[in-house]
Every structure is written in C-alpha cells, then in structure tokens.
**Q** 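Structure in structure tokens, see below.
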Amino acid sequence: PHPNHRKRFERAARTYLSKVAGLDEVMTYSFAFDPLLERIGAVPAERLALRNAISAEMPSLRTTLGPNLLGVLEKNERTIDAISVYEIGRVFVPREGSLPDQPTCLGALLASHAMGAAEDASGFRQIKGLLGGLSRAIERPMPALVSGGVDHPWAHPVRQARLEVDGQTVGYLAELHPATRAALDIKHGAALLEIDLAAWRASSERAIGYTRLARYPAV
C-alpha cells in the first residue's frame with residue numbers, strides 16, 4: 001500500500017509528546033461548550049451551528065482547540081498539582097459559499113501551581129521548549145515566533161507569539177490571560193500551544209543531524 005504520510009507525521013508527534021515529553025493525550029468533543037466560552041468572552045462571531053445538537057450547551061462545532069483544553073484544566077486542576085495534556089483533532093472554520101475548512105490541529109497545555117506562583121515568563125519558555133523538541137522529533141523547522149497578534153481572549157496580552165511557517169501564520173503559543181484564570185477560578189498558571197499540523201507538515205523537511213562523540217570525554 002502507499003505510505004500514509006499524514007498518519008506517520010501525526011504518529012511521530014504523538015510519540016514525542018507522550019513518550020518523550022510525558023504529556024497525556026486527551027480526546028474532547030468536536031463541539032464548543034458555550035457556558036465556558038461565555039465566561040471567558042470567547043464566543044466566535046462565525047461558527048457552524050448544529051441542526052441536531054447533542055446538548056443545548058454545545059450548539060456548534062469548535063473553531064479552535066484552546067477552550068476544550070481549558071475545560072480539561074478546569075475539571076482537573078483542583079486535584080492535580082501539574083497538568084500536561086495535548087490533543088490532535090479537527091477544527092471547523094466556516095467559509096462563505098463552500099464547505100468549512102477542517103484542518104487537523106495540535107493543541108497542548110502545560111499547567112502547574114509553580115507556574116502560577118512565578119512572576120516571570122516560565123510558562124512561555126516551557127511551552128516554547130516543548131515546541132522546539134517536537135519540531136526536531138517530526139523533522140520540521142521550528143516555526144518562527146512573531147510577537148503579538150494573537151487575538152484569542154484567553155491569550156496573555158504580552159507573553160504570546162504567533163507561529164509562522166514559510167511566512168504563513170499557522171498557530172500561536174501564549175500563557176493564560178489573568179482574566180481567564182479569574183473567570184474559570186483556576187489557581188494554576190498555564191501556557192497553551194496550538195498549530196495547524198497540515199501546514200507544518202507541508203513545510204520543508206529537516207533531517208535529524210548527528211554530532212560525532214568526543215574522543216576525549218570530560219572527566
């Protein structure tokens with residue numbers, strides 16, 4: 001059979017995140033949970049409504065993975081000191097006169113009490129380090145970090161960056177906005193990452209390099 005490059009790419013990402021970085025994979029609904037979106041002021045202006053929704057609280061398809069990951073954090077942070085989760089799944093972006101765009105995205109969230117107590121940008125650095133390790137594992141260039149321009153209301157106004165690949169914005173990483181922490185009554189500090197996997201996979205491959213071992217190792 002022909003090799004399924006998309007599956008191999010996603011499997012490599014899962015292998016790194018689960019086995020190397022130690023994150024737990026979650027699978028959330030493909031629907032938006034309106035009570036959470038309303039509390040953080042993130043109800044999108046345009047989205048796909050469901051004709052037969054499974055619940056009145058989930059009347060539409062999600063347009064981003066971030067709020068679902070925040071829901072996981074809200075449900076678990078009172079019993080777990082540190083939470084590290086990720087999800088690979090589709091989001092649904094309306095397009096006028098056409099079927100919706102349905103990219104497969106990766107969302108990751110790192111949260112802990114220690115991160116919440118720190119006044120520096122430790123959460124931003126941790127999620128950036130995770131992205132760097134992942135880029136090496138999947139043999140793709142590290143996306144360029146462009147300061148500012150992340151318009152999600154849960155993104156920190158300063159500790160945030162857009163992710164660009166070949167000049168195209170494919171995602172973002174950011175610490176959690178203090179107002180969002182207060183709205184969800186979250187004591188943990190948190191940082192999020194979200195990236196379009198299809199766009200990242202389409203970028204040029206970067207082979208894994210090898211550095212020769214030193215002939216005279218340090219004592």
Side-chain angles (χ1 to χ4, degrees), residues 2-14 17 25-38 40-55 57-72 85-109 127 130-131 134-135 138-155 160-174 177 180 191-205:
H2 295 290
N4 190 325
H5 298 291
R6 179 182 64 84
K7 287 286 188 183
R8 289 185 177 181
F9 184 79
E10 293 176 7
R11 186 180 298 118
R14 283 187 168 95
L17 292 170
E25 184 175 11
V26 296
M27 298 179 67
T28 65
Y29 285 113
S30 296
F31 316 123
F33 186 58
D34 273 12
L36 186 146
L37 294 179
E38 290 166 0
I40 64 176
V43 179
E46 296 183 1
R47 56 182 182 170
L48 292 168
L50 297 168
R51 185 170 296 173
N52 297 305
I54 65 170
S55 166
E57 296 178 330
M58 294 186 284
S60 64
L61 291 170
R62 64 187 178 188
T63 59
T64 177
L65 297 177
N68 286 20
L69 295 175
L70 292 177
V72 173
V85 295
Y86 75 95
E87 179 174 13
I88 295 177
R90 292 189 182 277
V91 298
F92 305 86
V93 183
R95 289 187 297 183
E96 187 176 355
S98 178
L99 291 173
D101 190 18
Q102 304 177 47
T104 298
C105 294
L106 162 68
L109 180 144
I127 203 76
L130 178 71
L131 181 66
L134 177 60
S135 67
I138 61 176
E139 301 181 27
R140 290 298 187 279
M142 171 79 171
L145 272 65
V146 181
S147 179
V150 181
D151 56 2
H152 296 301
W154 58 85
Q160 58 157 268
R162 289 180 292 114
L163 302 177
E164 289 191 356
V165 172
D166 298 330
Q168 175 188 0
T169 299
V170 296
Y172 70 91
L173 56 83
H177 198 295
T180 301
L192 297 96
L193 154 71
E194 193 167 350
I195 187 167
D196 184 336
L197 283 182
W200 201 7
R201 181 170 64 88
S203 63
S204 57
E205 292 189 28

**Q** What distance separates Ile88 CD1 from Glu10 CD, expressed to the nearest 0.5 Å?
**A** 5.5 Å

**Q** Whether the side chain of Arg47 engages the backbone of Pro94 through a donor-acceptor N/O pair (distance < 3.5 Å, no angle test) should be reported.
**A** no

**Q** May I ask you to decide whether Glu87 forms a salt bridge with Arg62, counting only side-chain N to carboxylate O separations under 4.0 Å?
**A** yes

**Q** Can you name the residues that form a side-chain hydrogen bond (donor to acceptor under 3.5 Å, both in side chains) with Gln160, not counting sequence neighbours?
**A** none

**Q** Tell me which one of Leu48, Leu50, Asp34 satisfies side-chain contact (heavy atoms from CB on, under 4.5 Å) with Pro59.
**A** Asp34

**Q** Which atom names give the shortest non-hydrogen contact between Val165 and Ala199, and what distance separates them?
**A** CG1-O, 4.4 Å

**Q** Are the side chains of Leu106 and Tyr86 in touch, meaning some heavy atoms are under 4.5 Å apart?
**A** yes

**Q** Sequence neighbours left out, what passes ring pair (Phe, Tyr, Trp, His ring centres under 6.0 Å) with His177? Give chain and number order.
**A** none

**Q** Atom CD in Glu164, atom CG in Leu145: separation rounded to 0.5 Å?
**A** 9.5 Å

**Q** Say whether, by atom type as modelled, one donor and one acceptor occur between the side chain of Glu194 and the main chain of Cys105 under 3.5 angstrom.
**A** no

**Q** Hey, what do you get for CD1 (Ile195) to OG1 (Thr104), rounding to the nearest 0.5 Å?
**A** 13.0 Å

**Q** Who pairs with Arg8 by side-chain contact (heavy atoms from CB on, under 4.5 Å), at least two apart in sequence or on another chain?
**A** Pro3, Arg11

**Q** So how far is it from Leu163 CG to Asp196 CG, rounded to the nearest 0.5 Å?
**A** 11.0 Å

**Q** If the condition is side-chain contact (heavy atoms from CB on, under 4.5 Å), which residues does Asp151 pass it with, not counting sequence neighbours?
**A** none

**Q** Are any non-hydrogen side-chain atoms of Thr28 and Phe33 less than 4.5 angstrom apart?
**A** no

**Q** Working to the nearest 0.5 Å, report the span between CG of Leu197 and CD1 of Ile138.
**A** 7.0 Å

**Q** Of all heavy-atom pairs between Leu37 and Ala32, which one has the smallest distance, and what is that distance?
**A** CD1-CB, 3.7 Å

**Q** For residues Leu69 and Gly107, report the shortest heavy-atom separation together with the two atoms involved.
**A** CD1-C, 3.5 Å

**Q** Are Val170 and Trp200 close enough, and set up right, to give a side-chain contact (heavy atoms from CB on, under 4.5 Å), and what steps lead you there?
**A** CA-CA 7 Å; Val170 296; Trp200 201 7; 5.7 Å; no

**Q** Could you grab the distance from atom CZ of Arg6 to atom CZ of Arg201, nearest 0.5 Å is fine?
**A** 7.5 Å

**Q** As a quick check of understanding, evaluate side-chain contact (heavy atoms from CB on, under 4.5 Å) for Leu70 and Leu109, giving each step before the final call.
**A** CA-CA 8 Å; Leu70 292 177; Leu109 180 144; 4.0 Å; yes

**Q** For Pro35 and Glu57, work out which heavy atoms get closest and say how close.
**A** CD-O, 3.6 Å

**Q** Hey, are the side chains of Thr63 and Val91 touching, using non-hydrogen atoms and a 4.5 Å cut-off?
**A** no

**Q** Can you name the side-chain hydrogen bond (donor to acceptor under 3.5 Å, both in side chains) partners of Ser30, sequence neighbours left out?
**A** none

**Q** Can you name the nearest heavy-atom pair linking Ala108 to Leu130, along with the distance?
**A** CB-CD2, 4.1 Å

**Q** What salt bridge (charged side-chain N to carboxylate O under 4.0 Å, His left out) pairs are there with at least one residue in residues 91-103, not counting sequence neighbours?
**A** none

**Q** For Thr180 and Trp154, work out which heavy atoms get closest and say how close.
**A** OG1-CA, 3.3 Å

**Q** Angle between ring planes, Tyr172 versus His152, binned at 30° and 60°: parallel, tilted or perpendicular?
**A** tilted

